[in-house]
Amino acid sequence: MNPVIVISALTKRFGQTHVLRGIDLSVASGEVLVVIGPSGSGKSTLLRCMNLLERPSTGTVTILGKELTAKGVDLPDLRRNVGMVFQSFNLFPHMTVLQNVMEGPRTVLKMSDNDARDRAMSLLQKVGVEAHADKKPNKISGGQQQRVAIARALAMEPQVMLFDEPTSSLDPELRAEVLDVMRNLASEGMTMVTVTHEMEFARGVADRIIFLDEGQIVEEGEPNATLTKPTTERLRSFIQTVRWGLQ
Ligand SMILES: Nc1ncnc2c1ncn2[C@@H]1O[C@H](COP(=O)(O)OP(=O)(O)OP(=O)(O)O)[C@@H](O)[C@H]1O
Ligand SMILES: [Mg+2]
């Protein structure tokens, strides 16, 4: 099957800082890829390059056979295929939960209010927050807000979902509900790229894990083998840090 994302010889510099140093990566349709690595290793930058929230310094990003980095592409159109969920939920604070999820379908996809509402409500049901549809985001828990953020991204019917540490700002008891939603998405065949320190999730759900360090993919492979038998000292010591809760 054709890959959903192909990244080739990608580099990213901010001034003199070389953040990504030659990334080659391809994500297959239906694949769940987990990205791990120390703080500052370039994980968020890599994800942000996948939908051109950051423009790569060199190299190419291709989504569904179309090169995002090419000149003159219809970027908003290509971006629709890529849903993104951030560590901080980034919901519109002045809108209700329902309005947050309806907004993209209404304004970008030009759906009617009724159709956008139907789609939003069924997604809110899917992530288990339909009872809170009429509340403002600050009236619901962080776990609920993050599930709304997932529903909002799904409302655009993306071909791939990017998650950047979606549970890091949540209390432990709220993490499980977000991870459950992600687990369900994965089992439905959604293509997913997830930056996370949730090692149990990585071992249970990911098809592949990549370890990023200083802007390079240092190790990659099947999660269980990669995490239990790291071949580099860098990954070994990273796993120790995470295990002891320092990361
Ligand atoms: N807009 C920017 N301008 C300048 N430097 C940046 C910018 N964004 C990121 N960086 C730098 O790039 C490096 C990688 O940052 P990035 O956020 O991708 O790391 P990360 O692996 O996601 O880290 P964390 O685990 O802390 O989220 C860091 O040194 C960071 O300071
Ligand atoms: Mg980050």
Side-chain angles (χ1 to χ4, degrees), residues 5 7-27 32-61 63 68-69 75 79 82-91 142-143 145-146 149-150 153 160-172 174-175 178-179 182 192-203 205-206 208-221 223 226-227 230 232-247:
I5 302 178
I7 290 172
S8 181
L10 175 75
T11 72
K12 177 66 183 174
R13 261 183 293 120
F14 292 108
Q16 291 306 304
T17 319
H18 289 253
V19 177
L20 297 175
R21 300 163 177 261
I23 304 280
D24 291 294
L25 179 66
S26 154
V27 185
V32 178
L33 177 73
V34 158
V35 182
I36 60 171
S39 182
S41 58
K43 305 180 297 295
S44 295
T45 306
L46 176 60
L47 240 60
R48 293 165 63 82
C49 283
M50 289 184 188
N51 61 1
L52 249 58
L53 280 178
E54 295 290 357
R55 189 163 273 282
S57 302
T58 60
T60 60
V61 178
I63 303 275
L68 259 73
T69 35
L75 203 51
R79 273 209 186 109
V82 186
M84 186 150 184
V85 174
F86 302 87
Q87 180 174 346
S88 55
F89 324 123
N90 288 356
L91 296 173
Q145 288 182 57
Q146 192 60 303
I150 295 172
V160 51
M161 287 281 286
L162 310 178
F163 293 90
D164 192 357
E165 302 203 38
T167 57
S168 299
S169 62
L170 298 175
D171 292 336
L174 299 180
R175 289 182 182 166
V178 172
L179 292 172
M182 294 171 64
M192 293 165 54
V193 182
T194 304
V195 176
T196 186
H197 297 304
E198 305 272 3
M199 292 302 159
E200 284 315 307
F201 176 84
R203 286 173 71 157
V205 183
R208 182 163 53 125
I209 198 162
I210 63 174
F211 172 57
L212 208 63
D213 195 21
E214 298 182 358
Q216 287 179 317
I217 298 175
V218 173
E219 269 193 62
E220 70 177 299
T226 308
L227 292 172
T232 60
E233 186 50 41
R234 284 150 91 179
L235 179 53
R236 210 183 330 269
S237 71
F238 174 73
I239 291 169
Q240 287 293 332
T241 329
V242 175
R243 191 170 289 146
W244 293 103
L246 300 173
Q247 192 72 42

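Atoms within each ligand, like the ligands themselves, are counted from 1 in listed order. Any value given below was found using the heavy atoms of this structure, including those in side chains, with hydrogens, waters and symmetry copies removed. Just so it is clear, the structure is predicted and the values come from calculations on it, not from any experiment.
Using a 4.0 angstrom heavy-atom cutoff, Q87 does not count as in contact with ligand 1. For the pair P38 and ligand 1, a heavy-atom separation below 4.0 Å is found.
Among the atoms of T45, no N, O or S atom falls under 2.8 Å of the Mg ion (ligand 2).
Looking at heavy atoms from C-beta onward, R208 lies in side-chain contact with L25 at the 4.5 angstrom threshold. Between L179 and V205 the shortest side-chain heavy-atom distance does not fall below 4.5 Å. With contacts defined as side-chain heavy-atom distances shorter than 4.5 Å, the pair S169/F89 qualifies. Contact of the R48 side chain with the K12 side chain is not registered, since no non-hydrogen atoms from C-beta on lie closer than 4.5 Å. In this structure, the side chains of D164 and Q87 stay at 4.5 Å or more apart for every pair of heavy atoms.
When the heavy-atom distances from atom 28 (C) of ligand 1 to G40, S44, S41 are ranked, the shortest goes to G40. Nearest to atom 26 (O) of ligand 1 by heavy-atom distance, out of G15, S39, G215, G37, is S39.
Interface atoms of ligand 1 facing E165, defined by a heavy-atom separation under 4.0 Å, are 25 (O), 27 (O). Taking every heavy atom of T45 and a limit of under 4.0 angstrom, the matching atoms of ligand 1 come to 15 (O), 16 (P), 18 (O).
In terms of polar-atom proximity, G42 is counted as a contact of ligand 1, with an N or O under 3.5 Å from an N or O of the ligand. On a distance-only criterion, T17 and ligand 1 share no N/O pair closer than 3.5 Å.
The CG atom of L20 sits 8.0 Å away from the OG1 atom of T11 when rounded to the nearest 0.5 Å.
In this structure, K43 contributes its side chain and G37 its backbone to a donor-acceptor pair below 3.5 Å.
If you look at V19 next to ligand 1, the close heavy atoms, those under 4.0 Å, all belong to the side chain.
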